[in-house]
Amino acid sequence: MISSWGRLSRAEHAVRYLADRAAAPGQLRGAGPGVCFGMGRSYGDVCLNPGGALWDMSGLNRFIAFDPETGVLTCEAGVLLRDIQRLFVPRGFMVPVNPGTQLITVGGAIANDVHGKNHHRQGSFGDHVLRLRLARTDGALIDCGPEREPGLFCATVGGIGLTGAILEADIRLRRVAGPFIDAELIAFANLDEFFQLSDASEGTGATGKASAGFEHTVSWIDCVCGGGGRGIFMRGNPASATCGPLPKGGRLAVPFVPPVSLVNSLSLRLFNTLYYGLKKRAAGPSLVHYEPFFCPLDNVGHWNRIYGPRGFYQYQSVIPRENGREATQAMLGEIARSGNGSFLAVLKTFGQRQGLGMLSFPRPGVTLALDFPNKGAATARLFERLDAIVREAKGRLYLAKDARMPRTLLESGYPRLAEFLNYRDPGISSAMSRRLLGV
Amino acid sequence: MHRRRIVIIGATSALAERCARLWLEQGPAELVLVGRDLEKTGRVAMDLRVRSPQSSVSERTVDFQDPAAIGALVASLCAAAPVDVALIAHGLLPDQSACQADLGLCREALLVNGVSPALFAEAFAGHMERAGGGTLALIGSVAGDRGRKTNYVYGAGKGLLTRYAQGLQHRLAGTGVSVVLILPGPTATPMTAHLKGKGGPPLADADAVARTMVDAIEKRRPLCYAPGKWALVMLILRHLPRCIFNRLNI
Ligand SMILES: Cc1cc2nc3c(=O)[nH]c(=O)nc-3n(C[C@H](O)[C@H](O)[C@H](O)COP(=O)(O)OP(=O)(O)OC[C@H]3O[C@@H](n4cnc5c(N)ncnc54)[C@H](O)[C@@H]3O)c2cc1C
Ligand SMILES: NC(=O)c1ccc[n+]([C@@H]2O[C@H](COP(=O)([O-])OP(=O)(O)OC[C@H]3O[C@@H](n4cnc5c(N)ncnc54)[C@H](OP(=O)(O)O)[C@@H]3O)[C@@H](O)[C@H]2O)c1
């Protein structure tokens, strides 16, 4: 039985485990229709194929080569970002783009072209991929990159697994002095303050110069109290320090699925008030290890269970900057009125770069991500109101998080969709591709 | 500083590979990977070299059913320098009903899981005994603890290893050579991939099982269930009266 991170469905799949990169092309030839599965850290149906074939890529977890002169790492697509970090940070190199969890595969990071807190500086994951090897279900094995077969490459980066199975990749790691980040927390009272802080921290105009401002920025936003606009702004830069506080080894876990969601309007109000108060008091600079800085929840096993047996959705949008303030305010208003939402609410401005992938999510603008316990029709109605705001503001939703957007919103949000379709592997089909693309 | 010398037989096994990574995390070592296909062991070796550039990783192939070849290989490995740890990891989980229908398959499963690892163990035991030290680790299985209708061909091969390890432990007591028998429960590796996604038995995490294995080898424990809970489960299952056991559909 396989679920994705949102636990909205649980279905049987015919799982095929790929563990040998030499045997994989043969295993995939004619094996479709199926789709690749990394760590299932996507929230919706992008990595699922209920009742059909699923290619588990997590066994392809070998490193192949590393060049300490250039920082270029060649590895199989099932390697976890966590394992890259743990091996290479002590040698002075780090994964250039870190999403909110490290427990994802390189293949998943490419297929969703994931972004991190440093998008305004480093772009998304695909910007650091120099080459990838793609196995198609017709048996073809193709190497592509920014210069070699660029069309197929740009379709595969962010291509939600629909162009073939990525078997290996060359990724350029970044040099770092050590594992620490000079971090700073700042409380803000409303969205205007948020945008001022973002501009001041990221250096608007994004000349790409690394001298001024902050490499990492992100905000937690309170979606229920304080008019739905207050929050905590977090920013940071790689620290030159080589010793500091190490992450606590202890691992918590949610041991079972509670019969109902523990996230409700009461617990939400309580948590948000406490969290805002605590963080506001803790505001100021500190030295933080990269693990808690990038992925504060990775130490809590199965935290997605707190939403109960019906699971949860994440709704993540990006809105062009010129409409960003107004649309974000409108969405927060709808959410506050609905009494839904959760403590996991994230707001961040993206830099001036378009993702290189045809279906890459990041684009210049402001992104808002929020978890919602699944309450059936009520949740669906709220999403329709949010969709209307996103559409009106010329924004888009993130496919890695989606389980329900209407096809029209995909079409309006992703203008390169038609171009992308030329590169699809006809032997690959997922729950999402059938829902949004018909096949 | 003395670099540990570790030989892994069946080095392409997912569990063995995890153990090798954990050993290299502890510090540089000298690893010899033994498999049946140089390209496949080569992919494992490449990974280990990236993980630990200071270690030395070499590869050998052998016919796993040829006693003379096994004897010669082990002799040459042990002649080069003393072996600190030998891990014998290969195994094959066959389809039980296919084995019942095809005696050739049945024979192969018994040979790969039982006879072949025992021959490697016998060969290492002699050299280690003469060298006066070393740790010999064998991977059996919880399936070897009591024959069950759903996998007794595999279980019988693995059960042979349990008896073999007991005998070696008796023989080598007090010699400085330790024999460690590891009995994993169902674990998520290529061997059990067909059980995933189907509502089959819950599978343990390969990394966690490998940690338990490496720890048992470090401590030279004679018997190690991995994960540990299987010690209790198998204690009960071994002692369950036949009239009850025969009614279980396991
Ligand atoms: C707590 C948490 C925080 C997160 N924070 C962020 C964030 O800050 N930024 C962000 O961008 N994302 C974030 N995500 C989403 C996550 O990074 C993406 O969903 C990621 O793609 C998951 O990778 P995975 O290995 O689990 O792949 P899966 O979820 O299993 O699969 C994702 C897609 O990749 C495809 N795929 C997987 N492997 C391959 C392969 N080898 N070849 C071809 N296609 C493949 C699948 O078919 C599917 O389309 C977060 C998720 C969680 C749970
Ligand atoms: N996974 C479990 O649930 C589980 C449970 C209990 C015990 N075990 C035991 O743990 C050990 C490691 O298994 P694993 O889970 O890591 O499985 P795995 O990844 O499938 O590895 C199997 C290993 O056995 C080798 N092998 C298979 N057939 C062979 C043959 N005919 N001759 C020689 N070698 C052969 C394979 O070599 P090639 O790569 O060349 O094919 C590979 O090295 C095995 O002894 C297994 O029986 C596993």
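Letters A, B, ... mirror the listed sequences (proteins, then strands); counts begin at 1.
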**Message:** Salt bridge check, A:Arg62 against B:Glu17: does any charged N sit closer than 4.0 Å to a carboxylate O?
**Reply:**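 Salt bridge: yes.
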
**Prompt:** If every non-hydrogen atom of B:Ala193 is compared with every non-hydrogen atom of A:Tyr17, which pair is closest and at what distance?
**Reply:**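 Scanning both residues, the minimum pair turns out to be CB-CB, 3.2 Å.
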
**Asked** Of all of B:Arg49, B:Arg43, B:Glu39, B:Met46, which one pairs up most often with chain A through heavy atoms under 4.5 Å apart?
**Response**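 Winner by heavy-atom pair count: B:Arg43.
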
**Asked** Which of the residues B:Ala188, B:Pro53, B:Ala14 is involved in the greatest number of heavy-atom pairs with chain A at under 4.5 angstrom?
**Response**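 When all of B:Ala188, B:Pro53, B:Ala14 are compared, B:Pro53 has the most.
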
**Prompt:** Highest number of heavy-atom pairs under 4.5 Å with chain B: which of A:Val79, A:Asp20, A:Asp56?
**Reply:**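 Looking at each option in turn, the highest pair count goes to A:Asp20.
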
**Prompt:** Which one of A:Gly59, A:Ala22, A:Ala19 has the most heavy-atom pairs closer than 4.5 Å to chain B?
**Reply:**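 Going by pairs under 4.5 Å, I would pick A:Ala22.
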
**Residue B:Arg21 versus chain A: region with a heavy atom under 4.5 Å** =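 Contact with chain A is through the side chain of B:Arg21 alone.
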
**Message:** Between B:Glu25 and chain A, with a heavy-atom cut-off of 4.5 Å, which part of the residue counts as in contact: side chain, backbone, both or neither?
**Reply:**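 The answer is neither part of B:Glu25.
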
**Asked** Is there a side-chain contact between B:Arg18 and A:Asn61 (heavy atoms, below 4.5 Å)?
**Response**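 B:Arg18 vs A:Asn61: side chains touch.
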
**Prompt:** Contact part of A:Ile64 toward chain B, heavy-atom cut-off under 4.5 Å: side chain, backbone, both or neither?
**Reply:**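 Contact with chain B is through both the backbone and side chain of A:Ile64.
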
**Asked** At a heavy-atom separation under 4.5 Å, does A:Arg10 approach chain B through its side chain, its backbone, both, or neither?
**Response**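 For A:Arg10, neither part sits under 4.5 Å from chain B.
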
**Neighbour count >12 (heavy atoms, 6.0 Å) for atom CZ, A:Arg172** =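 12 or below, so no.
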
**Asked** If you draw a 6.0 Å radius around CZ in A:Arg91, do more than 12 non-hydrogen atoms from other residues or ligands fall strictly inside?
**Response**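 Buried by this count: over 12 neighbours within 6.0 Å.
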
